[in-house]
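In each ligand, atom 1 is the first atom listed, and ligand 1 is the first ligand listed.
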Amino acid sequence: MNLRGVKPWIRAITPYQPGKPPEEVVRALGIADAVNLASNENPLGPSKRVVDALCEAAGQAHRYPDDENFALRKAVAERLEVLPGQLVFGNGSDEVLELIAKTFLGPEDDLLFAWPSFAMYPLVARGMGARPVQAPLDAALAHDLDALRAAVCERTRVVIICNPNNPTGSSVGAAAFDRFAESLPEDLLLVVDEAYFEYVRRADFPDALSWVSRRPGTVVLRTFSKFYGLAGLRIGYGVCDAELADLLGRARHPFNVNALAARAATVALDDLDHQRRTREQNAQGMALLERELGALGVRSWPSDANFLLVESGVNSYEALLRRGVIVRPMDAAGLSGCVRVTVGKPEENECFLKALQAVREGQT
Ligand SMILES: Cc1ncc(COP(=O)(O)O)c(C=O)c1O
C-alpha cells in the first residue's frame with residue numbers, strides 16, 4: 001500500500017505471535033480436544049467468587065467504567081502499602097509497558113533488556129521508532145547483570161529486568177539486583193517486570209517495590225493475567241513514584257481498563273483461598289514436570305514461575321501440536337529445539353509428558 005505517512009518503524013514490525021488457540025488446533029487436526037499449555041495462564045481459571053462478581057457487574061455494561069478504578073486502586077495500594085497515586089492501571093501490563101514507551105522513547109532512543117526475554121519488549125520499542133537493545137543472558141540462561149549494565153549507553157532511556165524471566169524461568173536474587181539498581185544512573189528508568197512474582201519460591205527474591213522509594217525512576221509491573229487467572233479480561237498495573245505515575249497517566253486513554261476487569265481484579269485480590277490453591281497446584285505440577293522430564297532425560301531449566309523452558313528437540317513443537325498439546329516454540333527467540341510449557345492441571349501435565357515421550361520415541 002502506497003501511503004506516504006506510514007512510519008517505516010511500524011512497517012518493519014513483525015507482529016507478536018500469540019500461542020495457538022485450542023479451537024484452531026482442534027479444527028485443523030480434527031481431534032476432539034487440545035491441551036493448552038502455551039500462554040502461562042492459570043489452569044484453575046478465575047474463582048467462583050470472581051465469576052459471580054462478573055455476572056453481577058455485567059448488568060452495568062452500559063455504563064463507562066470508573067476512570068480512576070477507585071475500589072481496585074484502594075485495594076492494591078493497601079495490599080502493597082503504597083499510595084493510591086503510585087499506581088497506573090492498564091489493559092494488561094502490556095499497556096503499561098506501552099505507556100512507558102510512549103512517555104520515554106522516540107527514534108533517537110534505546111530500550112535495553114536481556115535476551116531471550118518477553119517478546120513484547122522489542123515490539124514496544126519498535127512501535128515508537130526506538131532501538132531495542134538486547135544484552136545476552138548468561139550460559140545458564142539467567143540474567144547477566146554485568147552485561148546488561150555494560151550495555152547502557154548515551155541513547156539508553158529505559159532498562160527492563162524481567163524477574164522471573166519469561167521464557168527461561170530464571171530469577172535474579174536480591175544481592176545482585178540491589179547492586180545493579182544502585183549502579184544505574186538515576187536519570188535512567190528502571191522497569192522491573194514481575195508478571196510472575198506470585199509464583200516465586202526463592203527466599204532471596206529482590207524487594208523491587210522498595211526501590212520505588214529508594215530510586216524514584218523505577219517502575220514495578222504486575223499483572224492479573226497469570227496468578228489471578230484473568231488473562232482474558234486484560235488488566236495489569238505499574239507501581240512507581242506518584243509524579244511518574246502522573247506522567248504515565250497522561251499517555252493513556254480514558255477508561256483504558258474496562259469495568260468488568262477492574263471488578264474481577266478487586267475480587268481476585270481478596271480471594272486468598274483461590275490464591276493458595278493456585279500456588280499449591282503450581283508447585284505440585286512443577287515438581288512433577290521437573291521429575292518426569294529428568295526421568296526422560298530431557299533438559300529443563302530451573303524455574304521460579306509457572307512455566308518451564310524445555311529442550312524437547314528439533315521440530316518437537318509441531319510434533320506435540322499434532323498430538324493435541326499446545327506449547328510455545330522458542331526457536332524464534334534463539335532457543336532452538338526448545339519449547340516453553342506452562343504448568344497445567346495434573347491431567348494436562350501428564351498429557352504433555354506422554355506426548356513428549358511419544359515424540360522422543362519417534363511416534364509422531
Ligand atoms: C514477562 C511478562 N510481562 C508481561 C506480560 C503481559 O501480561 P499482561 O497480560 O498483563 O499484558 C507477560 C505475559 O505473557 C509476560 O510474560
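Of all protein heavy atoms, the one closest to atom 11 (O) of ligand 1 is R234 NH2, 2.8 Å. Ranking protein heavy atoms by distance to atom 7 (O) of ligand 1, first place goes to S93 OG, 3.3 Å. Of the protein's non-hydrogen atoms, the one nearest atom 3 (N) of ligand 1 is D193 OD2, 2.6 Å. Ranking the protein heavy atoms by distance from atom 6 (C) of ligand 1 puts D94 OD1, 3.3 Å first. Nearest protein neighbour of atom 12 (C) of ligand 1, counting heavy atoms only, is F118 CZ, 3.3 Å. Nearest to atom 13 (C) of ligand 1 among the protein's heavy atoms is K226 NZ, 3.1 Å.
Less than 4.0 angstrom separates some heavy atom of G92 from each of these atoms of ligand 1: 8 (P), 10 (O), 11 (O). Near C162, meaning under 4.0 Å from any of its heavy atoms, are these atoms of ligand 1: 1 (C). Distances below 4.0 Å separate heavy atoms of Y196 from the following atoms of ligand 1: 1 (C), 14 (O), 15 (C), 16 (O). For ligand 1, the atoms closer than 4.0 angstrom to any heavy atom of N166 are 1 (C), 15 (C), 16 (O).
At least one side-chain heavy atom of R126 sits less than 4.5 Å from a side-chain heavy atom of P132.
Taking the ring axis of F307 as reference, the NZ or CZ atom of R340 stays within 45° of it and closer than 6.0 Å to the ring centre.
Residue S225 has at least one N or O atom closer than 3.5 Å to an N or O atom of ligand 1.
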Apply side chain to side chain contact (heavy atoms under 4.5 Å, CB included) to the pair V359 and R323, showing each step before the final yes or no. CA-CA 9 Å; V359 166; R323 296 183 155 269; 3.9 Å; yes
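Shown here is F255, whose CZ atom has more than 12 heavy atoms of other residues, nucleotides or ligands within 6.0 Å.
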Expected list for residues 224-234: side-chain donor-acceptor pairs under 3.5 angstrom, two or more places apart:
{"from": "S225", "atom 1": "OG", "to": "T223", "atom 2": "OG1", "distance (Å)": "3.1"}
{"from": "S225", "atom 1": "OG", "to": "R234", "atom 2": "NH1", "distance (Å)": "3.4"}
{"from": "K226", "atom 1": "NZ", "to": "S39", "atom 2": "O", "distance (Å)": "3.2"}

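For D331 and Y317, the side-chain atoms include no donor-acceptor pair closer than 3.5 Å.
The aromatic rings of F89 and Y237 are tilted relative to each other, their planes meeting at an angle between 30° and 60°.
Checking side-chain atoms of N36 against main-chain N and O of A38 turns up a donor-acceptor pair under 3.5 Å.
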